[in-house]
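So the structure is just underneath, and the comments pick up after that.
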Amino acid sequence: MVENPAPPRRLPAQDVERIEREEQAATILTKGMGIFAGAVALVLLLILCGRVLF
C-alpha cells in the first residue's frame, strides 16, 4: 500500500516593506563600520609614519 504525502502547506506572505527597511538599515550599518575602520586605519598609519619620521 502506497500513501500519498500531504500537500505542501502555504507559505506566509512576505512583508516586502519590512524587508526593504531592514536591508537599508543593514547597508547603512555596514557602510558606517567601513568608514570607522578606514578612519582608525588612517590614524594608525599617520601615527606610524610620524614615529618613523620624527
Side-chain angles (χ1 to χ4, degrees):
M1 183 168 138
V2 176
E3 284 190 37
N4 291 330
R9 61 183 176 90
R10 289 187 55 99
L11 294 175
Q14 293 183 350
D15 186 359
V16 178
E17 291 179 13
R18 180 178 174 197
I19 292 171
E20 292 294 327
R21 282 193 314 266
E22 289 180 0
E23 185 175 318
Q24 184 180 14
T27 301
I28 291 170
L29 177 66
T30 302
K31 288 180 181 177
M33 289 176 61
I35 290 171
F36 178 74
V40 169
L42 180 64
V43 168
L44 291 175
L45 183 64
L46 290 173
I47 291 172
L48 180 65
C49 289
R51 289 185 61 123
V52 170
L53 293 176
F54 298 110

Under 4.5 Å side-chain linkage, directly or through intermediates, the cluster mates of I35: none
ILVMFWY cluster membership beyond I19 - transitive side-chain contacts under 4.5 angstrom: none
Separation between CG of D15 and CD of E22, rounded to the nearest 0.5 Å: 8.5 Å
Fellow cluster residues of I28, listed by chain then number, with links counted only when side-chain atoms sit under 4.5 Å apart: none
